[in-house]
Amino acid sequence: MPRYDFQRIEPKWQKFWDENRTFVTLNTPPTGAQGKLYVLDMFPYPSGSGLHVGHPEGYTATDIVVRYNRMRGKHVLHPMGWDAFGLPAEEHAVKTGTHPAVTTKQNIDTFRRPLKMLGFSYDWSRELSTTDPEYYRWTQWIFLQLYDTWYDPEYEWTGPDGKKRLGKGRPISELPIPEELASVRREPDGQSSVDSHKHQRADAPRSPEIRKYQDQHRLAYLSEAPVNWCPGLGTVIANEEVINGKSERGDHPVIRMPLKQWMLRITAYADRLANELEDLGWPDSIKALQRNWIGRSVGAEVDFPLASVRREPDGSPERPTSLNQGAHAPRSPVLRVYTTRPDTLFGVTYMVLAPEHPLVDSITTPEQRAAVDEYRRKASLKSDLDRTDLAKDKSGVFTGGYAINPVNGERVPVWIADYVLISYGTGAIMAVPAHDERDWEFAKQNGIKIVPVVQPTKDWLANNISKDVDCSNDMLGQIADEVIQEAGGIDHVDPIWFLGDDKTRTREVLVARLTSARQGNVESISEHFGRMSDLFDRPYCEVGTAINSGKYNGLPTAEFKAQITADLTAAGLGKEAVNYRLRDWLFSRQRYWGEPFPIWHELDEAGNPTGLMRADSAEELPVLHPHMEDFKPTGTPEPMLAKAPDAWLYKTAADGVKLKRETNSMPQWAGSCWYYLRFCDNQNSERFIDPALEKYWLPVDLYVGGAEHAVLHLLYSRFWHKVLFDRGHVTGPEPFGKLVNQGMILGEAELTAYQKGSGKGQGTSDKAEEADSSLALNPQPSTLNDFVTIKDTIESPDGEGRIHKDTKEPLTLVKLTAEQVEKSGSNLVLKGTDIVVESRSYKMSKSRGNVINPDDVVKEYGADSLRLYEMFMGPLEQVKPWSMSGVEGVSRFLGRTWRMFVDERADEVALHPAIQDITPTDDQLRTLHKTIKAVTEDIEKLSFNTAISRMMEFCNEFGTLEPRPRAVLAPFVQLLSPFAPHIAEELWELLGHRDSLSYAPWPTWDEQHLVESEIEIPIQINGKLRAKIMVPAGADAVTLQTLAAAHANIAPQLAGKQIVKVVAVPGRMVNFVVKEQEPDSDSR
RNA sequence: GCCGUAGUGGCGGAAUGGCAGACGCGAUGGAUUCAAAAUCCAUUGUCCCCAAAGGACGUGUGGGUUCGAGUCCCACCUUCGGCACCA
């Protein structure tokens, strides 16, 4: 009985593909190739727990595109590899003593097997792993490129892509050396460092001063700065890896502490990373996410001269330095701030320095010293989490110092407060409490005066009336008018009212007005809006017309900004400035299982570091890991590799200088930053990629992966690529052309219950959550038994069962079935109770127990069914819940397809006798060609779910038809093959073909066959459907109208009515616009 | 708060401004079977109507544009995701 036996078919074809090297892609295009296509999946981290259903989602999508294009004659590149450095393998090593390399190899094997089992047409000869020394050798080489590069923001050039650019990463040897350093080069002992310009080696004998100067400008540099130290992980991590003060991986607390770490100067590329997003074929949402992350803002830097500064012995106080700030150097001691609102300069009533700001010491007066030191000490202990938690609390201390407001000469007190961040802008702000929420809160809390400098507009008044005032939009406008009238004109509306002071008369008028508007209770409203400011959502307005601003009074905000920026620049008091939320990328980790740095530190006679560094040459790469037995973290910020044997750690250079290896390692992102390049040329031992192959294959034409990489991997990769581009190693500025993010697959929908009437509000999640816990604490014994909602459970420490979060009792989670609930209005209710039941899907997670294992699905339904189901669930980009019965649905479709070709009642597998070489009818051909067209276009649009539904329709039409014309069925197999390649190959073979279907030409459709002789046309009266008629396909508007008017249902309805207009669109519809004779209450 | 995404049957979802709900799941009825599974056929947005014929309503809410709106415009509500003391 030859049923659809995927367990026989699938391994058979996987073996066939393997043995015939069906999917190996040569680097030379085959003759007659229709161009190249590089389709890439985000390569996985091979975790020990194996494949997850999310993986095959994107992989199937790309596989369909690849198989389709292969059949269309494209020269396709479709590789797969492993992002295999990272913590889990190392943590496993700590537990078991197994070397991470061993674990990694095992994990890769457990990942490769299911990928092969799913029939993806990867070219496995291009497989790579970031942990392979032959791979990370080039990762280290690229690091050396970064190390050898400085960014010249002034450099104008034309790239190989023909576009003009401003700003370029250039070799460090081309960095101009300042005069004062250059003079040092001629050393007294005659050891000149006038180098040949051509071959500069990193360890060339130059003066230490120059070398340190260069080191400060490299794209890869060492910096002592507060970083995110995560004791739980035993390493520092990047800003991007910190979520709400906890580590992204493991959810461990993160504390900030100053450490010397490697940084990559990604901020130098911030502008280009933001601007060059524009032309990318990426989803707007991802572009927005990156733009947001880069966070470009335009404003001005303004210098406030200091009124009282304790002079240092050398005569000048230290000036703040910032990487972000430009070169204009003030002559006298100043406090430089960055602001996006230079138009509010006249409203500055205090200034704030970040506690870590270098000027704090010199500005603090002796009287304030103790308080300032105490505040700084406390602030330094705060983790980012604490700072976030206490966001509302605007604490701060007065330093005793004053600065002079450059626009009006006023003395402004200088405070320190931790709501100002050292890492953004200049680490200091001018505070304008009248027009900034944070400054306003701070001023209120510390009793600082508030000076409004922006006059509210009528629009502001209308738009900011409190949401508690329940009235129409018209009413809001009227209230605004009322305020203005009461004040005697918009210019007399005093902004101070909104800053908290009462304005009794106006308030009374408004309250009366509101009362009449909503027929409310006068007293309650009066009480509710006790003060004028309560009537408005915000106590300040941001944009409007200038007041209290001297000669600028009357200027609208935008003009004021432009004007005063120009004036400040002219006076040398400031300049326009751009700032980024993006920070430099913290690039070192303290772990073993990452790429070692190809860097040495020079030691002096006593063995102490001199602060000078040397890089390994390209020939010395790769820098391999030292052999180690003990993988326990040091527990301190001291890197794991510091425990390496001396042979690895130390060496003496040719010039006799003692060297010690850099013991940090690179973060996991390093390997994934450039793997798409290596796939083009993964065997090359001379270069990281052959230039000709780079030019041929790049950029990646389609890149598919999860949206969780929107700001990490995708930003880092673009950065590295741009550096390689600037240094002439790649030919394009961007690595990825079209990008698609597959949506996450959620677990199967679960029913959760909560008590009716509990909580407040309407059906909000808050309510459900509140109710959840009360249910768990007071289970209804007779009705719910041990039913407990998921919220109340946590994973037990051994990771096996689940326990109650409060009682720590083990729990059995009872899933409700559809039979246990009944409908009640729009809700579901647990039968016989007042428990409301909600259906919801959650992220798959081990602790929730809703993880679907692809292996199990393949065992039960086959790889083709899994592939087909994941594509049929819905649009690729969308988040969608898993449904096992959905898998059964597509599995049934494959069964029907099988039976369309194979007679299951026969004794062996053979073509169904109903399939005959007969001439198809026009209708049959139309169905076939419609299907070819639809499937083809849907694949092009990556609309796989609709493509599959088209094939289902085809199958529904021909599945049981007898006889079935072979000429119609054969192309269907080709259409199906990208989606369900195994069954397609099998059927293709049954149809008598000996070669793999993979290169059979994709079917084309003929418009001629799509033409229908008669079509159905809807007839509307006043836009409402009243009838349908069959008309000849080519019928013109007049014919349509005549036929429609004569229709048995339409004629009576038109009788005696005035036809105002007839809209007849040939091939589409007819609409009669009639006027009702009696103005009857025709309920619209 | 800011940026982004999405709201359509019992469910997943489909619809170049032109017949809302393709396709699938689920459900109901039937055929087949000793019976079941599997399979096949039919019905399936809600409501009015004994039923049919027919009709009314229907794409988050309120307006608007249009002969015609799920689709376009304005305002709002809600969901999900990201960022969040970024000056």
Side-chain angles (χ1 to χ4, degrees), chain A residues 3 244 283-289 291-293 295 297 299 337-341 344 352 387-388 390-394 417-421 423-432 436-439 441-442 473 538 579-583 707-708 710-711 743-744 749 762-765 818 823 828 839 841 869 872-875 877-890 892-893 895-896 899 904 943 945-953 956 959-960 1016-1028 1049 1060-1065 1067-1074 1083:
Chain A
R3 311 190 89 177
N244 288 333
D284 287 341
S285 57
I286 299 293
K287 288 189 189 180
L289 232 50
R291 225 173 269 128
N292 209 333
W293 189 266
S297 82
V337 299
Y338 171 75
T339 177
T340 54
R341 293 298 303 276
T344 57
V352 186
R387 281 202 179 189
T388 311
L390 302 173
K392 286 282 168 288
D393 178 35
K394 293 278 184 293
D418 65 2
Y419 82 91
V420 172
L421 310 174
S423 48
Y424 186 79
T426 60
I429 62 158
M430 60 181 226
V432 186
D436 179 278
E437 187 176 8
R438 295 150 304 177
D439 296 345
E441 281 171 16
F442 189 86
N473 277 352
R538 279 176 294 178
N579 256 298
Y580 302 94
R581 208 190 72 95
L582 185 72
R583 310 286 157 77
E708 69 272 18
V711 286
M744 202 191 324
Q762 225 192 12
T764 63
S765 52
K823 239 190 118 170
L828 291 174
S839 169
S841 294
Y869 172 64
F872 187 60
M873 293 171 88
E877 298 91 333
Q878 205 164 296
V879 176
K880 36 206 180 268
W882 185 269
S883 150
M884 263 313 172
S885 46
V887 184
E888 267 169 52
V890 292
R892 277 204 277 267
F893 160 65
R896 272 204 302 280
R899 286 189 297 276
E904 288 194 334
S943 177
N945 55 334
T946 52
I948 293 167
S949 74
R950 297 305 199 141
M951 292 189 283
M952 286 171 166
E953 283 176 81
N956 289 345
T960 53
E1016 197 181 43
I1017 293 288
I1019 307 171
Q1020 301 174 343
I1021 295 179
N1022 286 345
K1024 288 194 178 178
L1025 180 70
R1026 292 296 139 154
K1028 295 173 188 180
N1049 278 348
V1060 182
K1061 188 177 175 182
V1062 181
V1063 182
V1065 184
R1068 286 245 176 252
M1069 43 70 69
V1070 180
N1071 188 14
F1072 294 97
V1073 185
V1074 304
S1083 62

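Order of the sequence lines fixes the chain letters, A, B, ..., with proteins taken first and strands second; residue numbering starts at 1 for each chain.
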Inset, instruction - Let me know the distance between CD of Glu888(A) and C1' of C23(B), rounded to the nearest Å. - result: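 After rounding, the reported distance stands at 17 Å.
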Inset, instruction - Looking at every strand, decide which applies to Ser883(A) at a 4.0 Å heavy-atom threshold: base, sugar-phosphate, or nothing. - result: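 Result for Ser883(A) = nothing.
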Legend entry - Any Tyr419(A) side-chain heavy atom under 4.5 Å of Ile429(A) side chain: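 Tyr419(A) reaches Ile429(A) side chain to side chain.
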Inset, instruction - For C57(B), take OP1 and OP2 only and decide whether either is under 4.0 Å from a side-chain N or O of Lys1024(A). - result: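 Yes, Lys1024(A) has a side-chain N/O under 4.0 Å of OP1/OP2 on C57(B).
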Legend entry - Closest to side chain of Arg3(A), choosing from C19(B), A38(B), A22(B):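 When the side chain of Arg3(A) is considered, A38(B) is the closest of C19(B), A38(B), A22(B).
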Inset, instruction - Could you walk me through whether Trp882(A) and Tyr869(A) pass the side chain to side chain contact (heavy atoms under 4.5 Å, CB included) test, one step at a time? - result: CA-CA 9 Å; Trp882(A) 185 269; Tyr869(A) 172 64; 3.8 Å; yes
Legend entry - Nucleotide of A22(B), A14(B), C85(B) approaching Asp418(A) most closely (side-chain heavy atoms):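 For the Asp418(A) side chain, the nearest candidate turns out to be C85(B).
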Inset, instruction - Check whether the side chain of Lys1061(A) and the base of C67(B) form a donor-acceptor pair under 3.5 Å. - result: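 Check fails, no donor-acceptor contact within cut-off.
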Legend entry - Short side-chain N/O contact to A38(B) OP1/OP2 from Arg896(A), under 4.0 Å: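 It does not, given that no N or O in the side chain of Arg896(A) lies less than 4.0 Å from OP1 or OP2 of A38(B).
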Inset, instruction - Give the rounded distance in Å between these two atoms: CH2 of Trp882(A) and P of C11(B). - result: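 After rounding, the reported distance stands at 21 Å.
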Legend entry - Span that lies between the P atom of C23(B) and that of U71(B), in whole angstrom: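 Going atom to atom, P in each nucleotide, I get 24 Å.
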Legend entry - Which nucleotide in A84(B), C67(B), C19(B) has an atom nearest any side-chain atom of Asn1071(A):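 So the nucleotide nearest the side chain must be C67(B).
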Legend entry - Gap between atom CH2 of Trp293(A) and atom CG of Leu582(A) - 0.5 Å precision: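 One finds 8.5 Å between CG of Leu582(A) and CH2 of Trp293(A).
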Inset, instruction - Please determine, by modelled atom types, if Ser943(A) and Thr946(A) share a side-chain donor-acceptor pair under 3.5 angstrom. - result: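 The answer is yes; a qualifying pair exists.
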Legend entry - Whole-angstrom distance between U46(B) and U59(B), as gauged at atom P: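 Looking at atom P only, U46(B) and U59(B) are 15 Å apart.
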Inset, instruction - Starting at atom OH of Tyr419(A), determine the distance to atom P of G1(B), rounded to an integer number of angstrom. - result: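 In whole Å, G1(B) P and Tyr419(A) OH are 21 Å from each other.
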Inset, instruction - Could you check which nucleotide pairs with A52(B) in any of the strands shown, counting Watson-Crick or G-U wobble with both distances under 3.5 Å? - result: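 Matched A52(B) with nothing under the 3.5 Å cut-off.
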Legend entry - Euclidean distance for P, A31(B) against A36(B) (whole angstrom):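 It comes out at 11 Å once rounded to the nearest Å.
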Inset, instruction - Determine the interatomic distance between P on C74(B) and the same-named atom on U79(B); round to the nearest Å. - result: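 Approximately 23 Å lies between the P atom of C74(B) and that of U79(B).
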Inset, instruction - Please figure out whether Asp284(A) or Val890(A) has its closest RNA chain B nucleotide nearer the 5' end. - result: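 Upstream on the strand: Asp284(A).
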Inset, instruction - Look at all strands and tell whether Asp436(A) reaches a base, only sugar-phosphate, or nothing, counting heavy atoms closer than 4.0 Å. - result: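 Nothing, no heavy atom under 4.0 Å.
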Legend entry - Approximate separation, where rounding is to 0.5 Å, of Asp436(A) CG and Glu441(A) CD: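 Going from the CG atom of Asp436(A) to the CD atom of Glu441(A) covers 9.0 Å.
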Legend entry - Any Asn945(A) side-chain nitrogen or oxygen under 4.0 Å from OP1 or OP2 of A14(B):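 Yes, within the criterion.
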Inset, instruction - Measure the CZ-CD1 distance between Arg1026(A) and Ile1019(A) for me, rounded to the nearest 0.5 Å. - result: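 The CZ atom of Arg1026(A) sits 12.0 Å away from the CD1 atom of Ile1019(A).
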Inset, instruction - Could you check which of G18(B), A87(B), U5(B) has an atom nearest any side-chain atom of Gln1020(A)? - result: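 Nearest nucleotide to the side chain: G18(B).
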Legend entry - N or O in side chain of Arg899(A) less than 4.0 angstrom from A38(B) OP1/OP2: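 Negative; the distance criterion is not met.
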Inset, instruction - With the side chain counted from C-beta on, respond yes when Met430(A) and Val432(A) share a heavy-atom pair under 4.5 Å apart, and no when they do not. - result: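 Counting from C-beta outward, Met430(A) and Val432(A) do come under 4.5 Å.
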Legend entry - Value in whole Å for how far the P atom of G58(B) lies from CG of Leu1025(A):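 Rounding to the nearest Å, CG of Leu1025(A) and P of G58(B) are 15 Å apart.
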Inset, instruction - Could you tell me whether Met1069(A) contacts a base, only the sugar-phosphate backbone, or nothing, with contacts defined as non-hydrogen atoms closer than 4.0 Å? - result: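 It contacts base atoms.
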Inset, instruction - Consider the side chain of Val1063(A), meaning its heavy atoms from C-beta on, and name the nucleotide among G18(B), G12(B), A87(B) that approaches it most closely. - result: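 My answer, after comparing the listed nucleotides, is G18(B).
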Legend entry - OP1 or OP2 of G4(B) under 4.0 Å from side-chain N/O of Arg291(A):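 No, no such contact exists.
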Legend entry - Below 4.0 Å: OP1/OP2 of A87(B) and any side-chain N or O of Ser297(A):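 For A87(B), OP1 or OP2 has a side-chain N or O of Ser297(A) closer than 4.0 Å.
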Legend entry - Nucleotide opposite C57(B) in a Watson-Crick or G-U pair, distances under 3.5 Å: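 Answer to the pairing question: G45(B), which forms a Watson-Crick or G-U pair with C57(B).
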Inset, instruction - Provide, to the nearest angstrom, the distance between the CZ atom belonging to Phe893(A) and the P atom belonging to A22(B). - result: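 Rounded to whole Å, this separation is 18 Å.
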Legend entry - Candidate nucleotides G24(B), C40(B), G82(B), ranked by approach to the side chain of Asn956(A) - the nearest: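 Out of G24(B), C40(B), G82(B), the nucleotide with an atom closest to Asn956(A)'s side chain is G24(B).
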Inset, instruction - Select one nucleotide: of A87(B), C40(B), A14(B), the one nearest the side-chain heavy atoms of Thr960(A). - result: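 Among A87(B), C40(B), A14(B), the one nearest the side chain of Thr960(A) is C40(B).
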Legend entry - Spacing of the P atoms in G70(B) and C77(B) (rounded, Å):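 Rounded to whole Å, the distance is 23 Å.
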Legend entry - Distance, P atom - from A35(B) to C25(B), rounded to whole angstrom: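 Each nucleotide's P atom is 26 Å from the other's.
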Legend entry - Spacing of Glu953(A) atom CD relative to A14(B) atom C1', expressed in whole Å: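 After rounding, the reported distance stands at 10 Å.
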Legend entry - Donor-acceptor side-chain pairing of Ser297(A) and Tyr338(A) below 3.5 angstrom: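 Result is yes, a qualifying pair exists.
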Inset, instruction - Assign each of Ser949(A) and Ala288(A) to its nearest nucleotide of RNA chain B by heavy atoms, then name whichever residue's nucleotide is nearer the 5' end. - result: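 Residue closer to the 5' terminus by nearest nucleotide: Ala288(A).
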Legend entry - Pair assignment for U39(B), Watson-Crick or G-U wobble, requiring both distances under 3.5 Å: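 A31(B) is the nucleotide pairing with U39(B).
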Inset, instruction - Check every atom of C41(B), U5(B), G18(B) against the side chain of Ser285(A) and return the nucleotide holding the closest atom. - result: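 Nearest nucleotide to the side chain: U5(B).
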Legend entry - Proximity to the side chain of Arg581(A) - top-ranked nucleotide from A84(B), G13(B), C3(B):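 My answer, after comparing the listed nucleotides, is A84(B).
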Inset, instruction - Would you classify Val879(A) as touching base, sugar-phosphate or nothing, given that sugar-phosphate means primed atoms plus P, OP1 and OP2, and contacts are heavy atoms under 4.0 Å? - result: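 Touches sugar-phosphate only.
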Legend entry - Distance below 4.0 Å between Arg892(A) side-chain N/O and G26(B) OP1 or OP2: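 Result: yes.
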Legend entry - N/O (side chain, Gln878(A)) to phosphate O (OP1/OP2, A6(B)) under 4.0 Å: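 Indeed not, no polar side-chain atom of Gln878(A) lies that close.
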Inset, instruction - Sticking with atom C1', work out how far U8(B) lies from C83(B), rounded to a whole angstrom. - result: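 Pairwise C1' distance, U8(B) against C83(B), rounds to 31 Å.
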Legend entry - Donor-acceptor contact present, side-chain Lys880(A) to main-chain Gln878(A), <3.5 Å: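 Between the backbone of Gln878(A) and the side chain of Lys880(A) there is a qualifying donor-acceptor contact (under 3.5 Å).
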Inset, instruction - Can you tell me the distance, in whole Å, between the OH atom of Tyr869(A) and the P atom of C25(B)? - result: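 Nearest whole value for this atom pair: 12 Å.
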Inset, instruction - Consider the side chain of Phe872(A), meaning its heavy atoms from C-beta on, and name the nucleotide among C23(B), A56(B), C85(B) that approaches it most closely. - result: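 Nearest listed nucleotide: C23(B).
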Inset, instruction - Using a 90° cut-off around 0 for syn, call G9(B) syn or anti. - result: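 Base orientation: syn.
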Inset, instruction - Working to the nearest 0.5 Å, report the span between CD1 of Ile948(A) and CE of Met873(A). - result: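 These two atoms lie 11.5 Å from each other.
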Inset, instruction - Please state how far atom CG in Asp439(A) lies from atom P in A87(B), giving the value in whole angstrom units. - result: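 Taking CG of Asp439(A) and P of A87(B), I get 12 Å after rounding.
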Legend entry - C80(B) - base-pair partner by Watson-Crick or wobble geometry, distances under 3.5 Å: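 For C80(B), the partner nucleotide comes out as G4(B), under the 3.5 Å rule.
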Inset, instruction - Take atom C1' in G10(B) and the same atom in A75(B), then report the distance between them in whole Å. - result: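 Looking at atom C1' only, G10(B) and A75(B) are 33 Å apart.
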Legend entry - G10(B): pairing nucleotide in any strand, Watson-Crick or G-U under 3.5 angstrom: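 Looking at the geometry, G10(B) pairs with C25(B).
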